[in-house]
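Here's the structure, in structure tokens; my notes come after.
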Amino acid sequence: MGADQTIDWRNAAASALDWWHEAGVDTLVDDAPRDWFAAPEPLVVPAATPVAPVVAPSAMPLLLSDFLNWRSSAEVPEADWSGVSLAASGPADATVMVLVDCPDRDDGDAGALLSGASGRLLDKMLAAIGLTRDEVHLAAVCAKRPTAGRIHSDVEERLAEIAKHHIGLVAPERLLLLGNAASRAILGTELQAARGRLHGFNHKTGETGIGSTAVVASFHPRFLIEKPAAKAEAWKDLQMLMGGQMSQKGAE
């Protein structure tokens, strides 16, 4: 073999190697033998990870007795909270309904809403307008007491829907909202802006405005215990709730 032939062979080999390198081939052999004439293996497409369906909140019961049982079920926002779930109390056909924010700190041990000092003041407030606790339907936006006694913003909307449904089942003539959280849940308004005027609530549609339930927002008894000077304003709210027909006596 002549020198020129050797050079041509080397040039051809180098050219071929350059071509394979440009094609992305960086090795001449595999670690394991390969059958180059075998049919290609079928392409296996990994199965898509199943996506959990979004489950909408189930419909709330349409009978008050069923609703009160459902209120402590696993379907409500407070289901995973610690503490005792407290049901509403009072007649199913009460003329007056009272809605507070949540159980007080000691209500869990007592097994009833407003069992302590706040409850004693509520009883006096009701007595001043000719009512007793046994005559009103008493409920809370939260069935359990949330951390620090404040409703979490991520469940506020759902709890408001549940509270409005509850009011619709009772269908009271008058509704007394005690505290800022209750005012926000039903009227969508802070207490200070809601106070001093009569609101309407259509308990059939759950909408505020002109409706069959007269709504008054006032201070929670626990606030009145801390700020006794506000009792005069609270008395005006109670008079408005009962149609302004009460005599000028106050609840102390």
Side-chain angles (χ1 to χ4, degrees), residues 64 67-68 71-72 76-78 81-151 156 159-160 162-164 166-167 169-170 172-187 191 194-195 213 215-242 250-252:
L64 182 61
F67 172 83
L68 295 180
R71 196 62 187 83
S72 59
V76 299
E78 311 99 314
W81 299 5
S82 60
V84 179
S85 180
L86 297 179
S89 62
D93 58 350
T95 300
V96 176
M97 181 173 178
V98 179
L99 185 70
V100 298
D101 52 358
C102 63
D104 282 341
R105 193 177 302 278
D106 300 329
D107 288 350
D109 294 335
L113 293 170
L114 296 182
S115 59
S118 294
R120 290 190 291 273
L121 180 54
L122 173 65
D123 291 339
K124 292 181 179 180
M125 294 167 66
L126 293 175
I129 54 176
L131 295 173
T132 66
R133 188 187 290 232
D134 292 338
E135 295 176 280
V136 303
H137 191 87
L138 176 61
V141 176
C142 282
K144 292 182 181 179
R145 181 176 176 81
T147 304
R150 296 181 180 277
I151 298 177
E156 188 175 25
L159 287 172
I162 294 173
K164 290 177 179 179
H166 191 168
I167 296 168
L169 296 179
V170 178
E173 293 180 8
R174 301 179 179 90
L175 172 64
L176 179 61
L177 306 175
L178 296 179
N180 191 56
S183 176
R184 284 174 55 87
I186 306 306
L187 302 177
L191 175 61
R195 276 198 65 252
T213 296
V215 184
V216 169
S218 189
F219 303 107
H220 194 286
R222 77 170 72 94
F223 176 84
L224 297 176
I225 292 173
E226 298 176 358
K227 306 288 185 182
K231 288 183 179 179
E233 293 300 313
W235 171 237
K236 294 178 182 178
D237 297 334
L238 294 176
Q239 288 180 298
M240 185 183 304
L241 178 73
M242 302 307 291
E252 299 181 358

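Note that this is a predicted model, so its numbers are computed, not measured.
No side-chain heavy atom of His137 sits less than 4.5 Å from a side-chain heavy atom of Asp93. Within the 4.5 Å cutoff, the side chain of Val96 has no heavy atoms near those of the Pro172 side chain. Taking the side chain as every heavy atom from C-beta outward, Phe67 and Ile162 approach each other to under 4.5 Å. Between His166 and Arg71, every side-chain heavy-atom pair lies at or beyond the 4.5 Å cut-off. The shortest distance between side-chain heavy atoms of Ser218 and Leu241 does not fall below 4.5 Å. Inter-residue side-chain proximity for Arg174 and Val216 is flagged as unmet; no heavy-atom pair is nearer than 4.5 Å. Within the 4.5 Å cutoff, the side chain of Val100 has no heavy atoms near those of the Leu122 side chain.
The side-chain contact (heavy atoms from CB on, under 4.5 Å) check on Ile151 picks up Val141, Cys142, Val155, Glu156, Leu159, Ala181, with sequence neighbours excluded. With sequence neighbours excluded, the residues that form a side-chain contact (heavy atoms from CB on, under 4.5 Å) with Ser118 are Asp104, Leu114, His220, Pro221, Arg222, Ile225.
Sorted pairs that involve residues 138-151 and meet side-chain hydrogen bond (donor to acceptor under 3.5 Å, both in side chains), not counting sequence neighbours, are lacking altogether.
Between Phe219 and the options Lys227, Glu226, Glu233, a side-chain contact (heavy atoms from CB on, under 4.5 Å) holds for only Glu233.
Taking CG from Leu176 and CG from Asp237, the interatomic distance works out to 8.0 Å, rounded to the nearest 0.5 Å.
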